[in-house]
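Comments concern the structure below.
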Amino acid sequence: MSGPASPQVAPRGVGSTGSSFHYSFGLLPRGQRRGIESVYTFCRVVDDLVDESDAAGGRAGAAEALQLYRDEVERCFHGTPTLPVTRDLQGTIREFGIARAPLEAILEGVAMDLSRSRYDTFDDLRGYCVRVASAVGLVCLSIFGCSHPRSRDYAIDLGIALQLTNILRDLRSDALRGRIYVPLDEMAAFGCGERELLAGDCNAAFHSLMRHQIARAHRYFDSAAALLPREERRRLLAAEVMGAIYRNLLRRIEADPAHVFRRRIAVPRLTQIGVTLRVWITGHAGI
């Protein structure tokens, strides 16, 4: 799964416990931070099923393990989970009133990664992004205490923006595993073949394709910003920090798209600290 995003976060990348996670959620009150950590631990565990299946070729075993986690989510709502990660998750579900649907959507996203490695159109890819990233954001809304109708739309679009950025950042690592998350019809339209992309051939067609993908990710960031309800802006500051860090990452990819095939692009730690301070100061000032 290309390396989720939101509090927003997709299970891979965005949902990791790396520095962007730390700066986004480290300043939350302890109870909320503990809840977020239980959700992201769950996301990481189920996301690892995809990595393990790619490494060992064990899709059947991963599918069986995924069913175990489906059963565990059922027990979170109607019973007693048997695993430490889902027992912690159940406590968060009860404390913050988390709905079942987005948790099941996250598992559906993992199932998609176990059954396919290509997406024909952006409509197909968008459905994947909603499951692996936006659904995590919807879970986080309950932890943040957000109930405004536009907060849900904000979470969906920010999750898509984060996941699209992950996809571009992880082109090389996904290609090494035989995965392509760029829509195939758009690759064809720009004259970029699967073989060339998997080989990291950064020709003119590749750069045109990347400009198109980058522009779309920017549009989703813009849409999320426009949807952010002022009434809940302070409650969503952690999400805003994550979004600002990832938009900085997108701009770094935009500056040199071929760089994604040379090494993993990252936002430097000091830049992340600066972004975090700027978002928190602006948010608390009500600007």
Side-chain angles (χ1 to χ4, degrees), residues 1-18 20-28 32-44 46-47 73 89 92-93 96-110 112 125-167 216-217 219-229 231-247 249-250 276 279 283:
M1 185 186 307
S2 185
S6 301
Q8 271 24 58
V9 201
R12 175 193 305 268
V14 178
S16 72
T17 54
S20 59
F21 179 95
H22 172 77
Y23 294 124
S24 298
F25 304 116
L27 298 179
L28 286 171
Q32 289 184 335
R33 186 169 66 249
R34 186 173 60 248
I36 292 287
E37 288 171 351
S38 73
V39 170
Y40 279 72
T41 299
F42 170 76
C43 289
R44 172 54 60 187
V46 297
D47 183 65
V73 168
L89 180 64
T92 299
I93 289 169
F96 296 102
I98 294 171
R100 181 171 175 172
L103 293 170
E104 292 181 335
I106 292 167
L107 296 178
E108 290 170 5
V110 175
M112 292 173 74
L125 182 64
R126 185 186 182 282
Y128 169 78
C129 293
V130 168
R131 288 170 174 83
V132 301
S134 300
V136 185
L138 294 175
V139 170
C140 292
L141 288 182
S142 296
I143 298 174
F144 295 151
C146 295
S147 58
H148 195 288
R150 277 176 39 207
S151 289
R152 178 180 176 85
D153 296 331
Y154 163 85
I156 291 172
D157 278 8
L158 181 57
I160 294 170
L162 296 174
Q163 192 63 24
L164 292 177
T165 303
N166 278 337
I167 287 168
R216 174 186 286 133
R219 288 195 298 273
Y220 272 99
F221 277 118
D222 290 342
S223 176
L227 288 165
L228 178 68
E231 300 91 331
E232 295 187 341
R233 182 170 187 177
R234 290 194 179 186
R235 293 182 179 183
L236 290 166
L237 283 178
E240 285 290 276
V241 170
M242 179 71 79
I245 290 173
Y246 264 74
R247 192 147 200 184
L249 174 62
L250 181 63
T276 301
V279 171

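Each residue takes its place number in the sequence, starting with 1.
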**OP:** Output, in order, the C-alpha distance, side-chain angles, deciding distance and verdict of side-chain contact (heavy atoms from CB on, under 4.5 Å) for Y128 and E108.
**Re:** CA-CA 9 Å; Y128 169 78; E108 290 170 5; over 6 Å; no
Original post:
Should R44 and D47 count as an ion pair when the cut-off is N to O under 4.0 Å?
Top reply: yes
Original post:
Just wondering, do R34 and I143 contact through their side chains at under 4.5 Å, heavy atoms?
Top reply: no
**OP:** Using the test side-chain contact (heavy atoms from CB on, under 4.5 Å), find all partners of S142 that sit at least two apart in sequence or belong to another chain.
**Re:** I98
Original post:
Any side-chain heavy atom of S223 within less than 4.5 Å of one from L227?
Top reply: yes
**OP:** Side-chain contact test, heavy atoms from C-beta onward, threshold under 4.5 Å: evaluate it for E232 versus S147 and give yes or no.
**Re:** yes
Original post:
Taking the six-membered ring where the residue is Trp, are the ring centres of F221 and Y246 under 6.0 Å apart?
Top reply: no
**OP:** Quick one: do C140 and F96 satisfy side-chain contact (heavy atoms from CB on, under 4.5 Å)? Show the steps, please.
**Re:** CA-CA 9 Å; C140 292; F96 296 102; over 6 Å; no
**OP:** For R235, enumerate each residue passing the salt bridge (charged side-chain N to carboxylate O under 4.0 Å, His left out) test, keeping only those at least two apart in sequence or located in another chain.
**Re:** none
Subject >> Min side-chain heavy-atom separation L228-L158 under 4.5 Å >> reply: no
Original post:
Do you know the tightest heavy-atom contact between G243 and L162?
Top reply: CA-CD2, 4.2 Å
**OP:** Would you indicate whether the side-chain heavy atoms of R126 and I156 approach each other to under 4.5 Å?
**Re:** yes
Original post:
Between A238 and S24, what is the shortest heavy-atom contact and its length?
Top reply: CB-O, 3.1 Å
**OP:** Verify salt bridge (Lys or Arg N to Asp or Glu O under 4.0 Å) between D157 and R219, making sure each step is shown before the conclusion.
**Re:** CA-CA 9 Å; D157 278 8; R219 288 195 298 273; over 6 Å; no
**OP:** Work out which heavy atom in A133 is nearest to a heavy atom in G159; give both atom names and the distance.
**Re:** CB-O, 3.3 Å
Subject >> Heavy-atom pair with the smallest gap, counting every atom of I245 and T276 >> reply: CD1-OG1, 4.2 Å
**OP:** Grab the two heavy atoms, one from L141 and one from S151, that are nearest each other, plus how far apart they are.
**Re:** CD1-O, 3.6 Å
Subject >> Test applied, side chain to side chain contact (heavy atoms under 4.5 Å, CB included); reference residue, L103; option that passes from V139, V136, L138 >> reply: V139
**OP:** Working to the nearest 0.5 Å, report the span between CG of L250 and OG1 of T165.
**Re:** 4.5 Å
Original post:
What closest approach, in Å, do V132 and G109 show between heavy atoms, and which atom pair accounts for it?
Top reply: CG1-CA, 3.7 Å
Original post:
What's the spacing between F42 CZ and I106 CD1 if we round to 0.5 Å?
Top reply: 6.5 Å
Subject >> Any residue meeting salt bridge (charged side-chain N to carboxylate O under 4.0 Å, His left out) with R152, in chain and number order, not counting sequence neighbours >> reply: none
Subject >> P229 backbone acceptor or donor facing R233 side chain under 3.5 Å >> reply: no
Original post:
To the nearest 0.5 Å, what is the distance between CZ (R216) and CD1 (I167)?
Top reply: 9.5 Å
Original post:
Side chains of I36 and F144: does their closest heavy-atom pair fall under 4.5 Å?
Top reply: yes
Subject >> pair M242-F25: side-chain heavy atoms closer than 4.5 Å >> reply: yes
Original post:
For residues Q163 and Y220, is any side-chain donor paired with an opposing acceptor at under 3.5 Å?
Top reply: no
